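Following: one structure in structure tokens, then a few remarks.
Given the structure is predicted, the values throughout are model-derived calculations rather than measurements. Just so it is clear: chains get the letters A, B, ... in the order the sequence lines come, proteins before strands, and each one is counted from 1. Just the heavy atoms: all of them, side chains too, but no hydrogens, waters or symmetry mates, feed the values below.
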Amino acid sequence: MAEQLGNLTRTHSCGALRPSDVGANVVLLGWVHRVRDLGGLLFVDVRDREGVAQIVFDDDNAPQMEKAKRLRSEYVIGVEGTVRRRSADTVNPKLGTGEVEVFVKRLTILNEAKTPPFPIADETPVSEDVRLKYRYLDLRRPRLAGNMILRHRIAAATRRYFDAHGFLEVETPILTKSTPEGARDYLVPSRVHPGEFFALPQSPQLFKQILMIAGIDRYVQICKCFRDEDLRADRQPEFTQVDVEMSFARPETVFGIIEPLMRDIFKVIGKDVTIPFQRMSYADAMAKYGSDKPDLRPGLEIQDLRAHFRESKFRVFKEIVAKGGTVRGFVIPKASHYSRSEVDGIVDMAKQQLGATGLVWARRMDDGAITSSVMKAMGEDEVSTLLDATSTGTGSLMFIAAGDADPTSKLLGQLRLILAKKDGLLKPDEFRFTWVVDFPLLEWDPQEKRWNSMHHPFTSPLDEDMEKLVTDPGTARAKAYDLVLNGSEIGGGSIRIHDSAMQSRIFSLLNISEEEAKLRFGFFLEALEYGTPPHGGIALGLDRITAILASESSIREVIAFPKTAAAVDLMSTAPSPVDPKQLRELHIQIK
RNA sequence: GGGGUCGUAGUUCAGUUGGUUAGAACGCUGCCCUGUCACGGCAGAGGCCGCGGGUUCGAGUCCCGUCGACCCCGCCA
């Protein structure tokens, strides 16, 4: 039977006890972490959020001892007792509290517990579906408990920082208007208005811009966003953004606010971040790293090799260059450990998994000898010249691909990361930030045969690219930027359009008629006409940032109650059918 | 929507070319034990081999389907 709490009042967290507390009468409240029953002497490790303390029972206090014999893992207990110093030979250096223990005068069993489905007291891996079903148990384990504490401290540092810089946290609606651009909306039916729906926000984009029109000037919100798209390790249907908007901002204004914020956030884990961060154009990112979110840790930059193949014996590449295609490659400087069969395996893998049509390699062995998969076709002289011009010496290995610029870069970008990972070049304790800037404003949708916004339709073009909107829209660049850390997009934003005439031009480019625009964004377009200050902002992915700081490869590990890849909550078993009466009230029929 | 990995005791896993009664560790239950801290010792319980079908004299093992978890592509303004 469970006992009442009565007037038991915690004096210390379990992890807090130190030799300075020796002699004190203390009350600990927590869970039974482990029991070591030696017969006439019994030790219990008591655990709470902050740590573990050892408590002791012996036959000198027989009634308590008898009660302690009933204790099992995860029972909730309260103990009153005296802190004593452990003798030198019984100190446990692995425990923060290892120099002391509590001799128990009174044990209260506040609750019993079923044997947990997986051990809380050790960190042995458990399959994720079991962990998700019993999330409340997993959250007791140090890994997730630590991640929750870390997440809180990051959020707290963020709020402190923005408060100190004159930002107001303003809440925006969760029940909002569906705007069919972008991701699929989560819809909420209106009971009052049959056949009409709210949408959960994909981001508070229009609201924060309207807050600028409203004169809020500097806005921040740590807010939930919802997107009904397929999940990934770094994508959940609901996720948390640090949403920021500033009036009178240029891109540099936003960078100047976000960079010190990142420095503050990284101080939470004791890391010094050097600011300002490097900036890189979208075009450079694609060319050198084959990605708009380059991981700068491994080096292995992709190089343009067209010059070497314009006049080459290797006809395949020569023709590709002649037809306006590209030849690109990257060099792994320390690649002596790659065996011939391993290199062949990489080529096969690239063909099968990355869709490479062909992947050529060339290498200079440790003894200076040259080999290549196209030795005969290219000739030793050419291979040698190529390696001299591009590689870093003996023991280096080069991979080369050719074709259209974009897919070739992307292929090499993927390959680069696979090999960097394999060679341990993605060091988890190295943090390489970069701003990726000058994104294209528009993206051609070949299926719908129309332009789409790459960022969103409220993004301002670069001043110098205004004319291109008319002459060559595909080459117009935007005042849009992403913050990239170790190959992860941790934030993205832009300077917005604050002029309703420009906003109309963009809508017409996007093939959105005036009527349609009015229907979808009318409230916003009207607001734009009442004195809108130039403004811009950014949204940071709090889940992703926390995951990186926690060295977790999935954001599920930093979210208290995440969903599976099939977008279900295994603990609460949501989603689920609802009562037909609820549906009737909402005027909804299931087909 | 497509591709891949995995599914055996509460947990983590092993299980040979298809062949007798499906094993180990941890956990769990009971007993013993006064300085343990991954306590130790002895004894014991615990299995729809994800589910359904097929091949076979015989299936945890082979085949087909299905469900679930994870990773990737598409998708994610």
Side-chain angles (χ1 to χ4, degrees), chain A residues 33-46 52-60 65 69 72-74 84 86-95 97-99 101 103 114-134 137 179-185 202-203 205-206 225-237 239 349 352-355 410 414 417-418 439-443 445 447 451-459 478 480 489 492-494 506 510 512 520-521 539 541 553-554 556 562-568 570:
Chain A
H33 191 64
R34 257 197 194 95
V35 180
R36 289 177 295 280
D37 184 352
L38 274 63
L41 183 66
L42 189 151
F43 299 97
V44 176
D45 292 335
V46 192
V52 167
Q54 174 169 281
I55 62 173
V56 196
F57 299 84
D58 69 21
D59 280 339
D60 294 346
M65 183 63 165
K69 295 268 181 192
R72 296 290 181 273
S73 285
E74 300 307 313
R84 16 183 240 208
R86 299 201 203 176
S87 66
D89 55 323
T90 62
V91 163
N92 184 354
K94 283 184 259 176
L95 238 49
T97 58
E99 289 178 71
E101 64 192 7
F103 184 74
K114 286 167 74 173
T115 302
F118 54 86
I120 313 296
D122 67 53
E123 290 286 278
T124 53
V126 177
S127 71
E128 199 171 349
D129 45 344
V130 178
R131 293 174 52 208
L132 286 170
K133 182 175 178 193
Y134 299 96
L137 298 180
T179 55
E181 259 88 27
R184 213 173 282 115
D185 282 324
Q202 296 176 25
S203 88
Q205 184 60 35
L206 294 180
C225 301
F226 306 86
R227 294 180 189 174
D228 187 5
E229 296 292 345
D230 287 338
L231 289 78
R232 290 286 188 285
D234 63 350
R235 272 166 35 190
Q236 284 272 305
F239 60 100
M349 183 273 302
Q352 281 163 25
Q353 288 171 40
L354 306 179
K410 281 184 185 164
Q414 286 177 294
L417 285 181
I418 291 168
F439 277 80
L441 184 70
L442 303 167
E443 215 168 17
D445 182 339
Q447 274 162 11
W451 293 108
N452 275 328
S453 293
M454 191 149 177
H455 187 52
H456 58 54
F458 316 105
T459 305
E489 180 199 326
S494 64
I506 298 293
L510 295 173
I512 300 173
R520 292 189 200 166
F521 315 111
S553 56
S554 164
R556 289 188 302 278
K563 290 173 182 61
T564 68
V568 306
L570 291 179

* To do: Apply the side-chain hydrogen bond (donor to acceptor under 3.5 Å, both in side chains) test between A:D45 and each candidate in A:R34, A:R36, A:H33; give the one that qualifies.
  => A:R36

* To do: Confirm from the modelled atom types if A:R227 and B:C76 form a donor-acceptor pair under 3.5 Å, side chain to base only.
  => no

* Asked: Between the base of B:C70 and the side chain of A:R232, is there a donor-acceptor distance below 3.5 Å?
  -> no

* To do: Find which nucleotide of RNA chain B each of A:R235 and A:T90 is nearest to by heavy atoms, and output the residue with the more 5' nucleotide.
  => A:T90

* ring pair (Phe, Tyr, Trp, His ring centres under 6.0 Å) between A:F521 and A:F458: does it pass, once the steps are laid out? -> CA-CA 11 Å; A:F521 315 111; A:F458 316 105; 5.4 Å; yes

* Classify the side chain of A:R36 versus the base of B:C33 as yes if they form a donor-acceptor pair under 3.5 Å and no if they do not. => no

* Evaluate whether the aromatic ring of A:F118 and the six-membered ring of the B:U11 base sit under 5.5 Å apart, centre to centre, with an inclination under 30°. => no

* Do the side chain of A:D230 and the base of B:G74 come within less than 3.5 angstrom through a donor-acceptor pair of N or O atoms? -> yes

* Asked: When you compare B:A14 with B:G60, how far apart are their C1' atoms, in angstrom units rounded to a whole number?
  -> 12 Å

* To do: Specify the separation, in whole Å, of atom CG of A:D45 and atom P of B:C37.
  => 11 Å

Return the polar atom pairs (N/O with N/O) between nucleotides 67-69 of chain B and the protein under 3.5 Å, or none.
{"unit_1": "B:A69", "atom_1": "OP1", "unit_2": "A:T564", "atom_2": "OG1", "d": "3.0"}

* Any donor-acceptor N/O pair under 3.5 Å between B:G74 base and A:E229 side chain -> no

* Rounding to the closest angstrom, what is the interatomic distance between B:C26 and B:G46 at atom C1'? -> 14 Å

* Hey, what do you get for CG (A:N452) to CG (A:L510), rounding to the nearest 0.5 Å? -> 7.0 Å

* Asked: Could you write nucleotides 23-32 of chain B as a row of B, S and -, 5' to 3', where a protein heavy atom under 4.0 Å of any base atom gives B, of only sugar-phosphate atoms gives S, and otherwise -?
  -> -----SSS--

* To do: Spell out yes or no: do the side chain of A:R34 and the base of B:U36 have one donor N/O and one acceptor N/O closer than 3.5 Å?
  => no

